[in-house]
Amino acid sequence: RFWEANGTAYMAMPYLQGRNLRQVHQAMDGRPDEAWLLRLLLPVLEGLGLLHAAEVVHRDIAPDNILLPDDGGDAILLDFGAARRAINGRTDGFTAILKPSYAPIEQYAEAAGLRQGPWTDLYAVGAVVHFLLLGSTPPPATTRTLADEYQPLAQMHLPGLSTGFLAAIDWALAVRPQERPQS
């Protein structure tokens, strides 16, 4: 909520209580299963769908920007400081604000062929899931463009996770933007 009064601009936000996904992960005894990940991801992906429909790209999805409320409610995507509007292939001044382990290659450059869009956020979601499953992020996108040493999750035998689910995460983590899901 934003408003102006008394010659000043004001902003009010709800006070949210909970732990971020990084904190939740640190407290876990083992690897999350597919059902837990889907309960986490579906509300986040729904929120991203709304942003993307409004032609806004979040650009800063990481475990510390996903809150799990204390009341057991749906996960909440936080920190829209890097979010930008992308309209018809144009942007409102994208800058290189990123978290290296979660950012795809298009966040590093302003080359016309590397537009940012929903696929940019989906890469970061894939990197978050990779972190939750293996305790480490995928190799940085800058390194992967030169020598891709990424080990596909679908080729690993991870109990409680279907090959189809893991293949979807691998798809989101494709180095080339056009090879990722576009929405």
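Along the sequence shown, residues carry numbers from 1.
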Spacing of [X] atom [atom1] and [Y] atom [atom2] [to the nearest 0.5 Å]:
X: Leu173; Y: Tyr123; atom1: CG; atom2: OH; answer: 5.5 Å
X: Leu67; Y: Gln17; atom1: CG; atom2: CD; answer: 10.0 Å
X: Leu153; Y: Leu161; atom1: CG; atom2: CG; answer: 9.0 Å
X: Asn65; Y: His58; atom1: CG; atom2: NE2; answer: 5.5 Å
X: Thr145; Y: Ile105; atom1: OG1; atom2: CD1; answer: 4.5 Å
X: Gln151; Y: His130; atom1: CD; atom2: NE2; answer: 8.5 Å

Do the non-hydrogen side-chain atoms of [X] and [Y] ever get within less than 4.5 Å of each other?
X: Pro69; Y: Leu16; value: no
X: Val129; Y: Phe165; value: yes
X: Glu46; Y: Leu50; value: no
X: Trp119; Y: Pro181; value: no
X: Asn20; Y: Leu78; value: no
X: Leu40; Y: Leu21; value: yes
X: Asp74; Y: Leu68; value: no
X: Leu166; Y: Leu158; value: yes

Problem - Other ILVMFWY residues reachable from Met11 by side-chain steps of under 4.5 Å - result: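 Hydrophobic cluster check, Met11: joined to Phe2, Met13.
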Exercise for the section: Starting from Tyr10, walk the hydrophobic network (Ile, Leu, Val, Met, Phe, Trp, Tyr; side-chain heavy atoms closer than 4.5 Å) and list everyone else you reach, by chain and number. Expected result: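 Tyr10 shares its hydrophobic cluster with Trp3.
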For a quick test of reading the model, state the closest non-hydrogen atom pair linking [X] to [Y] and the distance between them.
X: Ala103; Y: Tyr108; result: O-CE1, 3.9 Å
X: Ser183; Y: Pro118; result: CA-CB, 4.1 Å
X: Ala141; Y: Pro104; result: CB-C, 3.8 Å
X: Ile66; Y: Leu77; result: CG1-CD1, 4.0 Å
X: Ser101; Y: Pro138; result: O-CD, 4.1 Å
X: Tyr102; Y: Phe131; result: OH-CG, 3.6 Å

Exercise for the section: Would you sort out whether Thr120 and Gln107 count as a side chain to side chain donor-acceptor pair (under 3.5 Å), showing the intermediate values? Expected result: CA-CA 8 Å; Thr120 303; Gln107 279 189 255; 5.8 Å; no
Under the salt bridge (charged side-chain N to carboxylate O under 4.0 Å, His left out) definition, can you give me all pairs with a residue in [range], not counting sequence neighbours?
range: residues 133-144; value: Arg144-Asp148
range: residues 168-183; value: Glu106-Arg180, Arg176-Glu179
range: residues 1-20; value: none

Problem - Asp121 bridged to Arg59 by N-O distance under 4.0 Å - result: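 No, no charged N to carboxylate O under 4.0 Å.
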Could you give the side-chain donor-acceptor pairs of residues 24-33 under 3.5 Å, partners two or more places apart or in another chain?
unit_1	atom_1	unit_2	atom_2	d
His25	NE2	Leu132	O	3.4
Arg31	NE	Leu133	O	2.8
Asp33	OD1	Ala35	N	3.4
Asp33	OD1	Trp36	N	2.9

Tell me whether [X] shares a hydrophobic cluster with [Y], the cluster being built from Ile, Leu, Val, Met, Phe, Trp, Tyr side chains joined at under 4.5 Å.
X: Trp171; Y: Met156; result: no
X: Leu45; Y: Val128; result: yes
X: Ile76; Y: Ile61; result: no
X: Val44; Y: Val56; result: yes

